[in-house]
Amino acid sequence: MHSSPLSKNLKNLMFKLLVSLFCLVTNLSASSVLFPEGEVGAKEANLCFKQTKLRAPISPISQNIFNIDTKKIHEYAKESAELRLSSIRCIQSKQEKKLEKKVWETLVHLTNLQEEKLFVYEWRILLSDKRPYPFTPDEIERAKEWQKNRLEIRKEIQKLTLDTFLSEPDPKADERFLELFTGYYGSLLREREKFLFSISIESQKAYIEFLKKRTEKE
């Protein structure tokens, strides 16, 4: 029995969302922009989707809080920034007619909600008491502080994504967009590093192992 085109499209979207989940658990929001199925630009976004070649590990990138691996963080951040910028320009180039600002605002907002729903997956694992060494009250507070900082950075990424969609492709402007995206993605990774090193070694290892098992199942 052959799968229907709709069934194939749904499977394709789910695969891409799971790739996005892998990015999100390492705290790089989905680099390529994905619009929800049925929305304007969803088809174009799917065609423009690309996976990252470099994948930031679920475990800490750096050896310790006093020796943050800024070079590695920059590499991961820059690739994610390049993918986001290229996917935006690719989506724009495939639009038959120019979309109004309100339409782009809605699409970027929906994309952000979609990405945040995926992060809820990690948040549930983070606060789960069904694993060895569940977080202490103090560690939960540190997790909440990390979440607060992460959301602030994500707001800036959302705003920059919209600004990029509203702009015309231009080498000089794109160089600036790339620099800003790289900075924000780097900040996401650094904030996660700081959080992972702020909890006990036992809590960190138990959380990472639990997260690995859950993502592998997906």
Side-chain angles (χ1 to χ4, degrees), residues 12-37 39-58 61 70-95 98-99 101 103-119 121-122 149-193:
N12 189 38
L13 176 62
M14 285 305 299
F15 169 75
K16 289 173 180 176
L17 287 176
L18 287 172
V19 170
S20 298
L21 171 61
F22 189 93
C23 293
L24 283 165
V25 295
T26 57
N27 241 308
L28 291 179
S29 49
S31 303
S32 287
V33 177
L34 278 174
F35 297 143
E37 285 294 308
E39 296 293 337
V40 176
K43 182 180 177 182
E44 291 80 0
N46 281 328
L47 291 172
C48 295
F49 180 88
K50 289 182 181 178
Q51 295 183 49
T52 55
K53 292 179 181 178
L54 298 173
R55 288 189 174 181
I58 291 175
I61 297 168
T70 54
K71 185 179 178 181
K72 269 291 180 192
I73 286 175
H74 180 74
E75 287 176 7
Y76 293 130
K78 188 175 181 183
E79 188 196 25
S80 291
E82 288 171 342
L83 285 180
R84 173 139 297 208
L85 180 59
S86 67
S87 75
I88 290 172
R89 294 308 185 209
C90 177
I91 292 167
Q92 284 179 316
S93 70
K94 294 183 182 300
Q95 292 296 322
K98 194 171 182 179
L99 300 180
K101 182 180 178 180
V103 177
W104 285 123
E105 286 176 344
T106 300
L107 289 172
V108 171
H109 175 66
L110 290 173
T111 299
N112 189 61
L113 289 179
Q114 189 168 259
E115 292 175 0
E116 283 303 309
K117 283 180 182 177
L118 287 172
F119 181 76
Y121 188 95
E122 180 178 4
N149 295 336
R150 189 194 72 85
L151 285 173
E152 287 300 316
I153 299 168
R154 291 277 291 115
K155 284 179 184 176
E156 293 301 322
I157 291 175
Q158 182 182 358
K159 183 178 180 297
L160 186 59
T161 298
L162 177 59
D163 289 344
T164 311
F165 269 121
L166 295 176
S167 69
E168 295 294 331
D170 175 78
K172 204 166 186 178
D174 284 355
E175 189 176 331
R176 179 58 178 160
F177 284 131
L178 180 62
E179 182 184 344
L180 290 170
F181 275 126
T182 301
Y184 289 136
Y185 284 129
S187 293
L188 283 176
L189 286 170
R190 281 191 294 276
E191 285 298 320
R192 187 169 190 267
E193 292 282 281

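Every value quoted in this text rests on a predicted model; they were computed, and no experiment measured them.
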Checking Lys155 against Glu152 for the salt bridge (charged side-chain N to carboxylate O under 4.0 Å, His left out) test, could you report, in this order, the C-alpha distance in whole Å, the side-chain angles of both residues, the deciding distance, and whether it holds? CA-CA 5 Å; Lys155 284 179 184 176; Glu152 287 300 316; 3.7 Å; yes

Hey, mind stepping through Arg176 and Glu179 against side chain to side chain contact (heavy atoms under 4.5 Å, CB included) and telling me if it holds? CA-CA 5 Å; Arg176 179 58 178 160; Glu179 182 184 344; 3.2 Å; yes

Can you list the steps and then say if Arg84 with Leu160 is a side chain to side chain contact (heavy atoms under 4.5 Å, CB included)? CA-CA 11 Å; Arg84 173 139 297 208; Leu160 186 59; over 6 Å; no

Might you work through the side chain to side chain contact (heavy atoms under 4.5 Å, CB included) test for Ile157 and Leu188, ending with a clear yes or no? CA-CA 10 Å; Ile157 291 175; Leu188 283 176; 3.7 Å; yes

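Judged purely by atom type and a 3.5 angstrom limit, Ser87 has no side-chain atom pairing as donor or acceptor with the backbone of Phe49. A side-chain donor-acceptor contact under 3.5 Å links Arg192 to the backbone of Ile58.
In this structure, CD1 in Ile88 is found 4.5 Å from OG1 in Thr164, a value given to the nearest 0.5 Å. A distance of 3.5 Å separates CZ in Arg89 from OG in Ser167, rounded to the nearest 0.5 Å. Here the NZ atom belonging to Lys72 is positioned 12.5 Å from the CD atom belonging to Glu193, to the nearest 0.5 angstrom. Note: Ser187 OG to Glu156 CD = 10.0 Å, rounded to the nearest 0.5 Å. One distance of note links CD of Gln92 with CG of Leu166; it measures 8.5 Å at 0.5 Å rounding. Distance check: Leu85 CG to Ser32 OG gives 11.0 Å after rounding to the nearest 0.5 Å.
Between Lys98 and Glu168 there is a salt bridge, since a side-chain N of the basic residue sits under 4.0 Å from a carboxylate O of the acidic one.
Residues satisfying the side-chain contact (heavy atoms from CB on, under 4.5 Å) criterion with Glu79, sequence neighbours excluded, are Thr52, Lys53, Leu54.
What you find for Asp163 and Phe177 is that their closest heavy atoms are O-CZ, 4.1 Å. Closest approach of Phe35 to Leu107, counting heavy atoms only: CE2-CB, 3.7 Å. Scanning all heavy atoms of the two residues, the minimum distance from Ala42 to Pro36 falls at CB-O, 3.4 Å. Between Thr182 and Ala81 the shortest heavy-atom distance is OG1-CB, 3.3 Å. Shown here for Gln158 and His109, the closest heavy-atom pair between the two residues is NE2-CA, 3.6 Å.
Ring geometry for Phe165 against Trp104 counts as parallel: the plane angle stays under 30°, on a 0 to 90° scale with 60° as the upper cut.
Looking at Tyr76 and Pro57, their side chains come closer than 4.5 Å, going by heavy atoms from C-beta outward. A 4.5 Å side-chain heavy-atom check between Leu34 and Asn46 finds at least one atom pair inside the cut-off.
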